[in-house]
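Working notes for the structure below.
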Amino acid sequence: MSATALPNATLLDAYKAMTPGSATLSAKAKELLPSGIAHDGRNFDPYPLYVKRALGPVKWDVDNNKYVDYFGGHGALILGHNHPTVTAAVHAALDNGTHFGACHELEVKWAELVTQMVPSAERVRFTSSGTEATLMALRLARAYTGREKIVRFKGHFHGWNDHMTSGYSNHFDGTPTSGVVHGLSDAVILADPNDVEGITRIFNDHKDIAALILEPTGASFGKMPILPSFLKLLRDLCTQAGTILIFDEVVTGFRVSNGGMQKACGIIPDMTTMAKIVAGGMPGGAVGGRKELLDWLDFQVSQAKGMEKIYHPGTFNANPVTAAAGIATLEILRDTDANDRANAFGAEVRTRMNEVLEEEKVKWAVYGSYSGMHIFLNPEGADITPSTFDAVQFIPQMMGKSRGAGIAPKVRMGLLVNGVDMNSGPSGTISAMHGDEEMTVTVDAFRATIRALKREGVI
Ligand code: PMP
């Protein structure tokens with residue numbers, strides 16, 4: 001069923017009519033899991049979608065509704081769902097066993113690919129998630145520099161470890177969020193993105209900054225873009241101050257280009273955090289960086305140099321199934337134009353959706369970079385033109401607006417009812433498998449959503 005089948009229904013009625021199976025599962029889940037969910041990003045009123053199968057650029061829910069998927073495994077699936085080569089590699093690895101409690105050949109091959117493809121990665125250490133990768137990157141930077149302070153940018157996301165919680169969507173004054181101790185948040189300095197004077201002042205005032213970490217295309221994959229000139233300034237400031245520059249490429253790594261944002265922009269950080277694509281759609285992550293930094297994880301070097309080695313176990317680090325998926329994915333990205341195809345789709349879908357906005361005379365904008373898209377819903381009614389929208393000017397306005405607030409959930413519901421799944425930004429990531437059919441469905445769904453929201457008096 002879809003909105004077309006229920007032409008006069010509200011989006012909410014249409015959603016409920018087409019998703020009874022999700023409603024039933026959610027009712028049961030709410031008795032078992034907080035809010036019935038396993039990831040905050042899935043919180044959705046009246047209940048989230050329950051998906052049972054996915055292939056390439058699409059997925060099906062438990063009621064057999066089909067959706068063009070821009071959730072993309074939270075950005076992990078640049079090759080779409082179930083890419084046959086990746087799936088075959090995973091099956092083969094599974095047949096050999098999921099965990100050997102030992103070193104294995106695949107982790108060597110995987111590390112070789114990462115170090116060949118990511119310019120900053122002379123050495124790599126695998127983790128089980130992006131959160132673990134950013135945690136380790138900070139620890140390495142502190143050990144190496146002997147300093148404690150960390151600079152982060154407001155709005156930038158680096159996982160949910162204790163250093164990373166304030167200043168993402170709240171606590172912009174740096175105070176700790178629920179459950180985080182004061183001592184940790186005191187060591188974090190929150191900076192404003194693209195604020196040249198502000199960041200220069202921070203480096204003048206603090207001579208003990210161990211690391212600066214950021215999402216190199218800007219918060220939430222370019223939703224709040226970072227200017228290239230600012231990125232260059234950060235590189236220079238860090239070099240002058242002996243501060244470790246960390247690019248959090250958990251999303252942009254192997255996506256923006258097959259060597260991540262650092263390869264695309266030519267600015268090379270000291271360390272890089274990775275997850276999502278690097279693990280080929282399986283759970284995993286990695287920290288890469290200069291050898292002398294990763295040496296703090298090396299038994300022999302740390303002993304020889306009299307450094308106290310950083311302890312790093314992790315039951316599922318570089319497990320063979322994840323390694324197999326990672327290798328298969330990275331080889332495809334290395335050897336094909338998959339990144340370019342996803343980026344080209346991104347440019348076209350943003351243009352086509354902006355044409356819809358112009359036709360429908362709605363002052364929103366669809367923007368983004370590379371294979372990302374974001375819908376600016378213009379809550380304060382600024383006089384903007386969709387095709388020339390400059391998100392940088394609106395960063396202060398976007399900051400602190402909790403994801404999924406205002407009319408964003410209604411837009412998301414409209415898109416769902418019309419066969420498209422994006423996150424509650426509303427934002428989406430694009431795979432190399434999105435093609436003409438998905439383009440048409442997406443543009444039509446966007447138009448139908450806008451018309452439904454007009455009918456309901458929402459816009
Ligand atoms: N950094 C960035 C930029 C992310 O987008 C994410 C996850 N969305 C993380 C870190 C945390 O990764 P994980 O969910 O694997 O812990």
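Indexing begins at 1, ligand by ligand and atom by atom, following the structure's order. The residues of the chain are indexed from 1 along the displayed sequence.
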inquiry  = Is the contact between Phe157 and ligand 1 made by the side chain, the backbone, both, or neither, using heavy atoms and a 4.0 Å cut-off?
reply    = both
message = Out of all atoms in ligand 1, which are within 4.0 Å of some heavy atom of Lys276? Include the element for each.
response = 5 (O), 7 (C), 8 (N)
request  = List the steps, then state whether side chain to side chain contact (heavy atoms under 4.5 Å, CB included) holds for Thr315 with His99.
outcome  = CA-CA 9 Å; Thr315 302; His99 200 306; 3.8 Å; yes
key: ligand 1 atoms in contact with Val251 (distance to a heavy atom under 4.0 Å)   = 5 (O)
key: Close-contact set for ligand 1 against Gly159 heavy atoms, below 4.0 Å   = 9 (C), 10 (C), 11 (C)
key: Spatial distance of atom OG1 (Thr145) from atom CG (Asp270) [nearest 0.5 Å]   = 11.0 Å
note = For Leu11 and Lys410 the tightest heavy-atom approach is CD1-O, 4.0 Å
inquiry  = Tell me whether Phe100 at atom CZ has more than 12 heavy atoms from other residues, nucleotides or ligands lying less than 6.0 Å away.
reply    = yes
inquiry  = Give the atom numbers and elements of ligand 1 that come within less than 4.0 Å of a heavy atom of Ser129.
reply    = 15 (O), 16 (O)
Sub-3.5 Å N/O-N/O distance, Thr134 and ligand 1 = no
ask   = Which protein heavy atom lies closest to atom 1 (N) of ligand 1, and at what distance to 0.1 Å?
value = Asp248 OD2, 2.7 Å
message = Side chain or backbone, does Glu215 bring an N or O within less than 3.5 Å of an N or O on ligand 1?
response = no
request  = Tell me, please: is Glu249 in heavy-atom contact with ligand 1, that is, under 4.0 Å?
outcome  = no
message = For a quick check under 3.5 Å, do Ser120 and Gln262 share a side-chain donor-acceptor pair by atom type?
response = yes
message = Polar contacts were defined as any N/O atom of the residue lying under 3.5 Å from an N/O atom of the ligand; does this apply to Trp160 and ligand 1?
response = no
message = Taking atom NZ as the centre, does Lys154 end up with more than 12 heavy-atom neighbours from other residues, nucleotides or ligands that are less than 6.0 angstrom away?
response = yes
For atom 15 (O) of ligand 1, closest protein heavy-atom neighbour = Gly130 N, 2.8 Å
inquiry  = Quick check on contacts: which atoms of ligand 1 are under 4.0 angstrom from a heavy atom of His158?
reply    = 1 (N), 10 (C)
ask   = So, Arg255 side chain and Gly75 main chain: donor-acceptor pair closer than 3.5 Å or not?
value = yes
ask   = Is the backbone of Asn65 close enough, under 3.5 Å, to the side chain of Asp61 for a donor and an acceptor to pair up by distance?
value = yes
task = Please answer whether the main-chain N or O of Phe126 pairs with a side-chain N or O of Trp110 as donor and acceptor at a distance below 3.5 Å.
result = no
inquiry  = Heavy-atom pairs closer than 4.0 Å: do any link ligand 1 to the side chain of Thr131, the backbone, both, or neither?
reply    = both
